[in-house]
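First the structure, in the form of structure tokens, and then the observations on it.
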Amino acid sequence: MCGIVGIVGKTPVSQLLYDGLTVLQHRGQDAAGIVTISDNMFRMRKANGLVKDVFHTRHMMRLQGNIGIGHIRYPTAGTSSSSEAQPFYANSPFGISLAHNGNLTNAEELKIWLNTEARRHVNTTSDSELLLNILGHELQLNSNLDLTPTDIFSAVGNVHKRVRGAYATVALIIGHGLIAFRDPNGIRPLVFGKRSNGSGVEYMVASESVALDACGFDFVRDIAPGETIFFSEDGQIHSQQCAENPAFNPCIFEYVYFARPDSTMDKISVYGSRIEMGKKLGAKISTEWEDLDIDVVIPIPETSCDTALEIAQQLNLPYRQGFVKNRYIGRTFIMPGQEQRKKSVRQKLNAIAAEFTGKNVLLVDDSIVRGTTSGQIIEMARAAGAKKVYFASAAPEVRFPNVYGIDMPSANELIAHGRELDDICQLIGADKLIYQTLEDLVAAVGSANPEITTFDTSVFNGQYITNDINQAYLDKLDAMRNNATKEDSDKNADSIIDMYNEGDE
């Protein structure tokens, strides 16, 4: 999962891009990058790390210009190489820089096509660089020396025909402006807003509406699945539907976990959807667990807090904040490497013993993915004095790999894959475990926008919206992930050996 921003302003935009990325930091903590245009040249800074660590004063001073894009990343294939930090750049045609959130499911065939037919070189393993070069190729087919909005829409339409998967994208074209487009299924979110100042109207594109709020832009609307918007450098805006058969199939896991509660995406309030999840799950608990002696409802902060509060109200039970979160530890689910995730859980949360001692507690989390975090938190609750620990998940069992940009490609890492409820309950060490049903989750999220009749729910039911995923694809993705993990481990081992060798000298 990643976060993207793009701004066409009347004054320098580097600080706004920085602020927007900071607000979207929850979407990725591995790398950050900004590209601006000044004097008909790209100015770029990108590196591994959090936004606050990547950009120092000297970098911000160099990022001149009134138009730019930014990106924050976490790796989706086990690698965290700095060479894959975004945005990417290609010098032909015109000069293009691109950043994207998502994952291309036909990346291998696209790479072959680029090498053998388009004659364009890709220097990393990132599918974002593939997308950049495919867009560049389509733009270069145009014989006009100066691009028109029609030329741009035609090029993106051809991208849609060639590319499969999930992609919310922002791109800069030297001498022309900024383009933003979304895949024909609308799997990944993308919104835009505007504001007026003394110099005129400025526009901003972002993964979530909360970035618009933080930067002082008024929300205009979501970019539709398959739609392209072109913001020219002089502030003109043009839009067109560029996909032949667009559909509305947003990723439901955005609302369960990734997005901030103060965001609105595809006309759905993330906060409101989590309240509805609590209502549905609370009703299920009251029906199926009416004989359980629950004393208190405690959320696992922070994504589940709103859901847990609603469950407590549904059950007429006290709601307590039993865990204190260290806000300087990143989100464990999106950290690269299982060992780092395990280590971070204890650093991230600490139990308040008074809320657990002698009580039967109901812990509520947004989901259970690998089960590592859930098991450790249940151990913490028992160590703090809980008599019994019941566990509720606001999402159904995560049984299948995600192929659209979320870092859980290996089914073997998913605790619910191939297991029944009692087995999962025993593995995480709970006294009782309950999951939201998929039907209730879809109803909870979709209630705010009846226009959306189908969400991407592939991680729960294995039904992939793009209809191009088979077991061979999943096996290959799993092998790629394992190889990348091994390479990272080897690099770490080499670093340790080098350190000892230097000490001997």
Check your understanding: Under a 4.0 Å N-O cut-off, is there an ion pair linking Lys279 with Glu276?
Key -> yes
Point to revise | Phe219, CZ atom: more than 12 neighbouring heavy atoms under 6.0 Å | key: yes
Point to revise | Ring centre gap for Tyr257 and His26 strictly below 6.0 Å | key: no
Revision key, fill the gap. Arg399 meets the side-chain contact (heavy atoms from CB on, under 4.5 Å) criterion, sequence neighbours left out, with Glu397, Ala416
Check your understanding: Taking only residues two or more places apart in sequence or in another chain, which ones pass salt bridge (Lys or Arg N to Asp or Glu O under 4.0 Å) with Glu290?
Key -> none
Review point. Are the side chain of Asn106 and the backbone of Arg162 linked by a donor-acceptor contact shorter than 3.5 Å?
Key: yes
Exercise for review: Flag the pair Asp266 and Arg182 as a salt bridge only when some basic side-chain nitrogen lies within less than 4.0 angstrom of an acidic carboxylate oxygen.
Suggested key: yes
Check your understanding: According to the interplanar angle, ranging from 0 to 90°, do the rings of Phe181 and Tyr167 count as parallel (below 30°), tilted (30 to 60°) or perpendicular (above 60°)?
Key -> perpendicular
Practice item. Evaluate salt bridge (charged side-chain N to carboxylate O under 4.0 Å, His left out) for Glu254 paired with Arg188, printing each intermediate quantity in order. Key: CA-CA 8 Å; Glu254 290 274 0; Arg188 293 284 154 243; 3.1 Å; yes
Check your understanding: Near Lys284 NZ, under 6.0 Å, is it more than 12 heavy atoms from other residues, nucleotides or ligands?
Key -> yes
Practice item. Decide yes or no on side-chain hydrogen bond (donor to acceptor under 3.5 Å, both in side chains) for Glu129 and Thr124, but give the supporting numbers first. Key: CA-CA 7 Å; Glu129 193 182 8; Thr124 70; 2.8 Å; yes
**Study point:** Side-chain (Glu84) to main-chain (Thr125) donor-acceptor, under 3.5 angstrom
**Key:** yes
Check your understanding: Is it true that Asp431 and Lys387 make a salt bridge, defined as a side-chain N closer than 4.0 Å to a carboxylate O?
Key -> no
**Study point:** Atom of Ala47, atom of Val54 and distance for their closest heavy-atom approach
**Key:** O-CG2, 3.4 Å
Exercise for review: Go through Glu109 and Arg164 one step at a time and tell me if the salt bridge (charged side-chain N to carboxylate O under 4.0 Å, His left out) criterion holds.
Suggested key: CA-CA 11 Å; Glu109 68 181 61; Arg164 297 194 302 270; 3.5 Å; yes
Exercise for review: Please determine if Lys267 and Glu451 form a salt bridge, counting it only when a charged side-chain N lies under 4.0 Å from a carboxylate O.
Suggested key: yes
Exercise for review: Would you please indicate if the ring centroids of Phe356 and Phe323 are separated by under 6.0 Å?
Suggested key: yes
Exercise for review: Is it possible for you to check whether Lys46 lies under 6.0 Å from the centre of the six-membered ring of Phe88, through NZ or CZ, and within 45° of that ring's axis?
Suggested key: yes
Check your understanding: Any sub-3.5 Å donor-acceptor pair from Ser304's side-chain atoms to Thr307's backbone N or O?
Key -> no
Review point. How far apart are the C-alpha atoms of Lys325 and Glu302, what are their side-chain angles, what is the distance that settles it, and do they pass the salt bridge (charged side-chain N to carboxylate O under 4.0 Å, His left out) test?
Key: CA-CA 8 Å; Lys325 180 180 178 182; Glu302 293 178 314; 3.6 Å; yes
